[in-house]
**Student:** 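Sending over a structure as structure tokens; questions will come in a sec.
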Amino acid sequence: MTDTASRPTPSPERVLIFDTTLRDGEQCPGATMTFEEKLAVAEMLDGMGVDIIEAGFPIASNGDFEAVAEIARRTKRAVIAGLARAVPADIVRAGEAVRFAARGRIHTFVSTSPIHLAHQMRKSEDEVLEIIQKTVAQARDLVEDVEWSAMDATRTPIDYLCRCVEAAIRAGATTINLPDTVGYATPDEYRAMFRAVRERVPDADKAVFSVHCHNDLGLAIANSLAGIEGGARQVECTINGIGERAGNAALEEIVMALRTRADVLPYATGIDTTQIMRASKLVAAATHFPVQYNKAVVGRNAFAHESGIHQDGMLKNQSTYEIMTPESVGVQKTSLVMGKHSGRAAFRSKLEEMGYRLSDNQFQDAFERFKALADRKKNVYDEDIEALVDENLATAHDRIRLVSLTVIAGTRGPQRATMRLDIEGRLVTEEADGNGPVDAVFNAIHALVPHEAKLELYDVHAVTEGTDAQAEVSVRLRQAERSVTARGADPDTLVASAKAYLAALNKLLAGATRLHAQHAAAE
Ligand code: KIV
Ligand code: ZN
């Protein structure tokens, strides 16, 4: 059991940040992260001041269990939470995973709305009340810090919701989460729900109340802020707002709204906001979910000014068109231009400035790739460096690697790709034709690594500006129920396409048995 003193207690002005990127975020289609990626994200969240990290759903798979347990072992500061349904086996498994944490939490939930009770759970209100009492008490026997969530709280009649919350607090829940599971509430309704529950439930002041908002109607941030006004002192959110369906409330938006509008929202968080951009990029790279250009706070246009009137205002005074500084979220206004004359020291300091901490081997690899890129490209921008380092980290454990690719393209087809791969140490080569150069490249991969996966998405965009910009390609593959998305970057669009496809294939193959190349042509 962890001791009571270790539980985070908010002062009236302090709002706890509960990040669920690794659980609700990772749960959304295509956002699966590898074990190493999850550890890197957890380290980042802990370092930036997140109070509670929901590290996963331990009963969901052995991989999820191992990730939660390892994050629990490694994390120095934040509370580590594991999710559990209101089922005894789930709670035992979550308890086993978080017991390694300096501060561990079991987060258990059950649906409370009539729609869920009738159609999903097929249980009566009294049966659910009994489940709440038993499962919260079971969790509380394992850890001191227990969060209980009323799934679909916002579609639950207030009288019944109050009875459920009362049962959970009586059974020992220390945090009560009232999620807007389906993103249905309006801010006024959400604020009123918290006020009513906190006024009506006996001993409500013994628990911390929490908001958890989904963005189906684009109201997740407005609702979260309204919930805080209604008395909640914990906010559940994800980096970049990733999550089920339209996503969860974005951490960076909540934190910057509270900071920027402290005049009307006098609540503080413990987040070091200068790490926000880095966290956004790390999660985008790990999940392969690109951040939309006009996304609040972390979109690439969030601090860009194009129109003449805006530029004129900005030149006279930054506050004319910026309500927060780019530096406050870790965006550097000026980009130090790196090129082929830059040496190791400049590259190392650039990486440090960008928040990367690489081992000697990782640094050496990244430096060689940077030099190769600088030879081909006039200016190497921060985004280029990020793309090459992130790709380097992501491919460290790959089983299939691209060795070389030559493509014959042009007006007179068929287009032909000659590809050489390293498959678990064996070099293999294949030539394939296609209806266009990308098709030829993907056909060559198919010939070398036969697989059933279907291509669901192929998307190309430029990382920076100019005709020598790096192309960034996203590929999504689906095999049966599993869908994975991966990115590849290179100044050559076809090489970027091959890298992206192979990265997706590597993700699908992670954990599969040894590969057998179709055509072995060892050197
Ligand atoms: O949206 C939701 O209701 C959830 C619960 C598991 C807390 O994610
Ligand atoms: Zn959710």
Side-chain angles (χ1 to χ4, degrees), residues 16-29 31 52-60 64 68 79-87 90-91 93-94 97-98 105-117 119-121 128 131-132 135-136 139 145-156 160-161 164-165 168 173-185 189-190 193-194 197 207-221 223-224 227 232 234-251 253-254 283 287 289:
L16 298 170
I17 296 293
F18 174 115
D19 181 280
T20 183
T21 305
L22 294 170
R23 199 279 298 171
D24 220 333
E26 213 240 356
Q27 203 167 302
C28 70
I52 302 109
I53 299 173
E54 185 160 57
F57 191 2
I59 196 94
D64 247 46
V68 177
V79 172
I80 300 304
L83 186 71
R85 289 167 300 182
V87 172
D90 277 39
I91 292 170
R93 197 74 175 135
V98 302
R105 170 180 296 187
I106 295 178
H107 174 194
T108 181
F109 69 96
V110 70
S111 290
T112 53
S113 69
I115 299 176
H116 283 214
L117 262 57
H119 303 296
Q120 193 177 5
M121 302 187 58
V128 170
I131 290 172
I132 296 169
T135 50
V136 172
D145 188 342
V146 173
E147 172 167 338
W148 176 76
S149 288
M151 190 180 234
D152 208 13
T154 50
R155 293 193 296 171
T156 303
Y160 182 60
L161 185 61
C164 292
V165 171
T174 47
T175 299
I176 298 291
N177 181 34
L178 303 180
D180 186 23
T181 304
V182 289
Y184 179 73
E189 287 170 346
Y190 203 52
M193 180 186 73
F194 278 92
V197 173
V208 173
F209 278 77
S210 175
V211 296
H212 177 118
C213 297
H214 282 268
N215 207 26
D216 300 66
L217 294 174
L219 290 172
I221 297 295
N223 283 338
S224 301
Q234 174 179 288
V235 183
E236 306 200 356
C237 45
T238 60
I239 301 286
N240 296 339
I242 62 168
E244 285 277 6
R245 305 181 311 279
N248 289 57
L251 179 148
E253 295 178 22
I254 295 277
V283 169
T287 56
F289 269 33

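Order of appearance sets the numbers: ligands from 1, and atoms from 1 within every ligand. All figures in this text were calculated on a predicted structure; none of them were measured in a lab.
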**Student:** Under 4.0 Å from a heavy atom of D24: which atoms of ligand 1 are those, numbered in the order shown and with their elements?
**Tutor:** 8 (O)
**Student:** Backbone N or O of A220 within a donor-acceptor pair of the N215 side chain at under 3.5 Å?
**Tutor:** yes
**Student:** Can you tell which part of E244 has a heavy atom less than 4.0 Å from ligand 1: side chain, backbone, both or neither?
**Tutor:**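 Looking at E244 and ligand 1, no heavy atom falls under 4.0 Å.
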**Student:** Can you find an N/O atom of H214 closer than 3.5 Å to an N/O atom of ligand 1?
**Tutor:** yes
**Student:** Under a 4.0 Å heavy-atom limit, does H212 contact ligand 1 with its side chain, its backbone, both, or neither?
**Tutor:** side chain
**Student:** Would E236 and T20 satisfy side chain to side chain donor-acceptor pair (under 3.5 Å), going step by step from the backbone distance to the final call?
**Tutor:** CA-CA 7 Å; E236 306 200 356; T20 183; 5.9 Å; no
**Student:** Would you say S113's side chain and T156's backbone share a donor-acceptor pair under 3.5 angstrom?
**Tutor:**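 Absent.
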**Student:** What protein atoms of element N, O or S are positioned under 2.8 Å from the Zn ion (ligand 2)?
**Tutor:** D24 OD2, H212 NE2, H214 NE2
**Student:** Would you please classify the geometry between the H214 ring and the H212 ring as parallel, tilted or perpendicular, with 30° and 60° separating the classes?
**Tutor:**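 Correct class here is tilted.
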**Student:** Treating D180 as the side-chain partner and A185 as the backbone partner, does any N or O pair qualify as donor plus acceptor under 3.5 Å?
**Tutor:** yes
**Student:** Please say whether more than 12 non-hydrogen atoms of neighbouring residues, nucleotides or ligands are located less than 6.0 Å from OH in Y184.
**Tutor:**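 Not buried by this count: 12 neighbours or fewer within 6.0 Å.
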**Student:** Can you list the atoms of ligand 1 that are under 4.0 Å from a heavy atom of S149?
**Tutor:**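 Going through ligand 1 atom by atom, the ones under 4.0 Å from S149 are 7 (C).
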**Student:** For ligand 1, note which part of R23 has a heavy atom under 4.0 Å away: side chain, backbone, both or neither.
**Tutor:** side chain
**Student:** So, E147 and T175: side-chain donor and acceptor under 3.5 Å apart, yes or no?
**Tutor:**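 No, no side-chain donor-acceptor contact under 3.5 Å.
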**Student:** In chain order, what residues pass the salt bridge (charged side-chain N to carboxylate O under 4.0 Å, His left out) check against E253, with sequence neighbours excluded?
**Tutor:**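 By the salt bridge (charged side-chain N to carboxylate O under 4.0 Å, His left out) rule, E253 matches K295.
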**Student:** As an exercise, state the distance from CH2 of W148 to CD1 of I132, rounded to the nearest 0.5 Å.
**Tutor:** 4.0 Å
**Student:** Using a heavy-atom cut-off of under 4.0 Å, does the side chain or the backbone of T181 touch ligand 1, or both, or neither?
**Tutor:** both
